[in-house]
Each structure stands twice: as structure tokens, then as C-alpha cells.
Amino acid sequence: MPILKRRNPAVPDGPGVVGPARLCRGSADLSSVRSGDVVVLDSTDLEADTAQQLVERGVAAVLNVSSSSSGRYPNLGPQVLAGAGILLVDRVGEGVWQSLRSGDVVRIDDGVVHLGDTTVATGIEMTASRVRDQLDAASSGLSNQLDSIVTNAADTLRRDRAMLLEGAGIPAVSTQIKGRPVVIVAEGPDAEKDLRSVRAFIHDHDPVLIGVAAGAERLIAAGLRPHLVVGRDDDITGRMIERAGEVVIVSASGRLDRPEHYEAHGRQPVVFTAAGTPENLAVLLADQNEAAVIVQVGAPSRLVDVVDGDTADAAGTFIARLRAGSRVVDAQAVAWFARQRLSWFTPLLLLLAGVVAVVAAVATTPLGHEWLAPVADRVSSWIEGLVS
């Protein structure tokens with residue numbers, strides 16, 4: 001068999017940081033990182049826990065295909081690496097995956113990555129001052145974003161006070177929701193993964209399924225029929241209308257733009273006259289109809305994800321969740337509890353304990369003593385035969 005060797009076993013000459021490359025395309029690959037490695041990863045907004053893991057493994061440098069700080073929020077990963085004196089080079093580009101293999105000895109100098117005499121990538125060396133400037137800018141940007149969200153939330157409360165506080169204008173639907181769990185599926189980045197994670201919950205509890213626009217298509221593709229489809233008129237397809245138990249159209253004007261679209265399918269949709277996003281209005285609809293619990297699939301679950309977008313939509317998200325209160329839970333939380341099912345051994349043990357309790361109770365009665373005495377004699381004889 002051929003012997004596998006590094007393409008450049010000799011240590012490259014020149015200034016900078018030198019070490020064997022370690023390609024980490026996913027978080028699971030970090031477990032293979034060793035002291036002195038030059039870790040190659042693709043992590044937008046590098047988190048502090050990932051950076052701390054790299055520090056503890058004693059890496060020599062980190063090459064990030066993306067930007068370690070996008071400016072959306074003040075993430076602390078780059079600061080953790082800078083504080084430990086570990087070189088971080090950002091935006092080295094996708095080509096590094098093809099140019100390097102794990103084990104190649106590379107040299108990094110002033111943001112340039114060398115493999116022998118060849119330059120394989122160029123990025124931005126994140127010095128301590130650059131990391132500090134980025135962190136300050138992100139903190140300022142997030143503060144401004146939150147101020148704008150607060151202003152929009154106040155405006156929304158003034159404009160829709162009757163609906164938010166008293167439920168005025170939230171339409172009645174024929175689907176029975178009161179006292180039942182509800183699963184709302186929106187088309188978010190983690191929608192597919194979230195929906196898979198709650199399949200056991202859906203199977204066990206038969207919740208009301210609400211598909212929000214493209215989220216309804218995701219339910220249908222998964223072999224599930226949405227009880228309700230909620231969305232703006234131009235988001236609703238003929239397939240959704242055919243498969244849904246009921247259709248709710250969100251319209252700021254209160255009118256349908258394409259009434260013939262629904263007449264062709266023999267449906268009369270419910271109109272929800274409001275200016276918010278269908279995702280947030282679906283939460284209000286479920287809450288107003290007294291759902292037992294509202295499980296959100298594909299919805300943003302972290303503060304940074306909620307505020308990263310239109311400030312008016314973010315304000316609506318905060319208000320809808322505040323109104324629904326403890327009814328709203330994230331799909332990942334539900335999935336965790338679903339995984340904590342009893343194993344087969346536990347109910348079997350409980351069944352055996354119940355049988356033993358019944359036998360013990362019967363044995364205390366005269367009739368039970370008469371039944372069990374011959375069994376006890378046989379067991380006693382069998383044990384004597386074993387020891388004799």
C-alpha cells in the first residue's frame with residue numbers, strides 16, 4: 001500500500017505562524033483539532049464557546065472563510081482568540097477548501113497563507129485593535145436597532161391596541177383550536193430541521209397544524225395536512241388551498257385581491273384585516289382561540305435573529321410573543337422533552353411492580369394463602385434440589 005505523506009513535510013521558511021492545517025467543515029470536526037494546528041473553518045459571527053474550545057486545544061491560528069463578526073451583534077469569539085494571543089485571519093475565501101488538505105504545513109504572515117512557495121489564500125488579519133473596533137461598532141449598531149424596535153413597538157401598541165389587548169378584529173375560524181396544542185410552521189432557516197424534531201410530538205398529540213405561507217408547503221411535503229394556512233393573498237398557491245382545512249388571508253385593506261382564485265377551488269377564505277406579518281398574526285390567532293400551547297417551527301428563537309431584519313416586523317414579533325405569554329414555546333424545546341420518553345424497561349418494571357403488589361395483597365387473604373401454598377412448596381423443593 002502507498003504511504004500517505006504531507007505534501008510539504010519540511011517546515012516553511014519565513015516569518016509568521018507555522019502549523020499543520022486542520023480543515024473543520026462542521027462543529028463535529030473540532031474534536032480532531034490538536035495543539036499547534038492551523039484551524040480552517042467557515043463561521044459567520046464566531047461564537048465565544050467555539051473560540052474558547054479552540055483556545056483550550058492550543059491552536060496556533062484560525063483561518064475563517066467568512067467574517068468572524070458580521071456586525072449584526074457584538075459576538076465575543078474574536079475577542080476570546082485575541083485575548084489568548086491566537087492569530088485570526090478572516091475572509092480567506094472558499095478556495096481554501098480546495099487548496100489545502102488536513103496535514104498540510106502552512107505559514108501565515110500578514111494575512112497571507114503560504115503552502116511551500118505558493119500563496120493559497122489571502123485574508124484580513126484580525127489584530128486586537130481591529131477586533132475591538134468591530135465589537136464597538138456592533139454594540140452601537142445593536143443599540144440603535146433596539147431603539148428603533150422599541151419605537152416601532154410603541155407605535156404598534158397605539159395603532160392596534162384593541163386587537164392586541166382585547167382581540168378585536170382577530171377573525172373566528174371554524175377549526176377547533178381551544179384547548180388543543182398548535183404547531184405553527186413558518187419558512188425559516190431551521191424549518192426543515194425543526195419540523196423533523198417535532199414529528200414525534202405531532203404523532204402523539206395530534207395538534208392543530210398551521211402553515212404560514214411557504215411553511216404550508218413544507219407541511220404538505222412532509223406528508224402532513226395543514227388545518228389552517230395563513231398568508232398574504234399572493235403567497236397562497238392552489239396546492240395549499242386544496243390541501244388546507246381552512247385558509248386565512250392577511251390583508252391590510254381587508255379585501256381579497258384574487259377572489260376568483262379561491263372560487264375555482266370552491267373555497268371562501270377567512271380575511272384577517274391587519275398590517276403585521278403572517279407569522280406574528282398566526283400566533284395571535286392561535287392565542288385568541290385559546291390554544292393549549294403554541295409550538296413555533298422555523299421561527300427565530302434568539303434575540304439576535306429577531307432583531308436582524310425589519311424593525312417593524314421585529315417589534316411585531318416581540319408583541320405577539322408577549323401577548324401569547326407562556327403559551328409560546330420553541331420547537332427545539334419541545335423536541336428535547338419528546339426525547340425524554342420512558343424507555344421500554346421503565347414501564348415493564350412498573351408493570352412487574354404492580355403484579356408483585358397484587359400477588360402480595362392476595363397472599364394476605366385466606367383464599368390467597370390456599371392458592372399460593374402449593375406454589376411455595378414446589379419452589380422450596382426446587383431450591384432444595386439445587387443445593388443438595
Side-chain angles (χ1 to χ4, degrees), residues 25-28 173-231 235-248 250 270 277-306 317 320-321 324-351:
R25 292 180 179 271
S27 57
V173 292
S174 59
T175 303
Q176 180 60 41
I177 296 177
K178 184 176 181 180
R180 295 181 63 188
V182 170
V183 174
I184 299 177
V185 181
E187 186 56 25
D190 296 324
E192 184 176 359
K193 181 182 72 174
D194 286 352
L195 185 56
R196 283 199 308 268
S197 70
V198 297
R199 284 300 294 256
F201 175 82
I202 293 172
H203 179 269
D204 293 344
H205 298 279
D206 187 28
V208 175
L209 300 176
I210 300 180
V212 178
E217 289 286 2
R218 190 165 291 282
L219 278 169
I220 295 169
L224 300 168
R225 184 185 179 190
H227 297 86
L228 282 165
V229 171
V230 179
D235 294 330
I236 306 300
T237 66
R239 187 184 186 204
M240 295 180 194
I241 298 172
E242 291 175 358
R243 299 293 182 88
E246 197 169 2
V247 179
V248 178
V250 174
V270 176
T277 65
E279 292 88 345
N280 295 332
L281 295 175
V283 173
L284 295 179
L285 181 68
D287 180 59
Q288 179 65 21
N289 283 274
E290 301 181 47
V293 65
I294 303 170
V295 181
Q296 289 198 288
V297 171
S301 57
R302 302 185 307 163
L303 173 64
V304 294
D305 297 325
V306 173
T317 299
R321 293 190 180 184
S326 59
R327 280 195 174 110
V328 176
V329 294
D330 183 67
Q332 296 177 15
V334 171
W336 186 89
F337 282 107
R339 288 194 298 268
Q340 309 310 306
R341 292 178 172 183
L342 293 175
S343 67
W344 66 269
F345 178 74
T346 304
L348 178 60
L349 188 62
L350 292 174
L351 177 62

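For Ala299, the side chain to side chain contact (heavy atoms under 4.5 Å, CB included) criterion is met by Gln296, Arg321, not counting sequence neighbours. Judged as a side-chain hydrogen bond (donor to acceptor under 3.5 Å, both in side chains), and not counting sequence neighbours, the contacts of Asp287 are Arg323, Arg327. With sequence neighbours left out, Asn280 forms a side-chain hydrogen bond (donor to acceptor under 3.5 Å, both in side chains) with Thr277, Thr317. In this structure Glu246 satisfies the side-chain hydrogen bond (donor to acceptor under 3.5 Å, both in side chains) test together with Ser174, Thr175, sequence neighbours excluded. Partners of Glu217 under the side-chain hydrogen bond (donor to acceptor under 3.5 Å, both in side chains) rule, at least two apart in sequence or in another chain, are Thr237, Arg239.
The nearest pair of heavy atoms linking Pro207 to Val183 is CG-CG2, 3.7 Å. Scanning both residues, Ala331 and Ser197, for their nearest heavy atoms gives O-OG, 4.1 Å. The two residues Ala282 and Val212 have their closest heavy-atom pair at CB-CG2, 3.9 Å. Contact record, Ala186 with Ala191: O-CB, 3.3 Å, taken as the closest heavy-atom pair. Scanning all heavy atoms of the two residues, the minimum distance from Asp194 to Gly298 falls at OD2-N, 3.2 Å. Among all heavy-atom pairs drawn from Arg243 and Ile220, the shortest one is NH1-CG2, 3.2 Å.
Contact of the Leu209 side chain with the Val185 side chain is not registered, since no non-hydrogen atoms from C-beta on lie closer than 4.5 Å. A heavy-atom distance below 4.5 Å is found between the side chains of Val230 and Ile210. Side-chain contact check for Leu195 versus Leu219: some heavy-atom pair is nearer than 4.5 Å. Side-chain contact between Phe201 and Pro181 is present, with at least one heavy-atom pair separated by less than 4.5 Å. Annotation: side chain of Ile177 is not in contact with side chain of His227 (no heavy-atom distance under 4.5 Å). A 4.5 Å side-chain heavy-atom check between Val229 and Val248 finds every atom pair outside the cut-off.
Atom-to-atom distance recorded for Met240:CE and Asp235:CG is 7.0 Å, nearest 0.5 angstrom.
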message = Let's go through Asp206 and Arg180 carefully: what are the C-alpha distance in whole Å and the side-chain angles of both, what is the deciding distance for side chain to side chain contact (heavy atoms under 4.5 Å, CB included) to 0.1 Å, and is it a yes or a no?
response = CA-CA 8 Å; Asp206 187 28; Arg180 295 181 63 188; 3.8 Å; yes

request  = Please step through side chain to side chain contact (heavy atoms under 4.5 Å, CB included) for the pair Val293 and Val182, ending with a clear verdict.
outcome  = CA-CA 6 Å; Val293 65; Val182 170; over 6 Å; no

ask   = Passes side chain to side chain contact (heavy atoms under 4.5 Å, CB included), Val329 versus Ile294? Steps please.
value = CA-CA 6 Å; Val329 294; Ile294 303 170; over 6 Å; no

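Between the side chain of Asn289 and the backbone N or O of Leu285 there is at least one donor-acceptor pair closer than 3.5 Å. When atom types are taken as modelled, the side chain of Arg218 and the backbone of Ala214 share no donor-acceptor pair closer than 3.5 angstrom.
For the salt bridge (Lys or Arg N to Asp or Glu O under 4.0 Å) condition, no pair includes a residue of residues 328-338, sequence neighbours left out.
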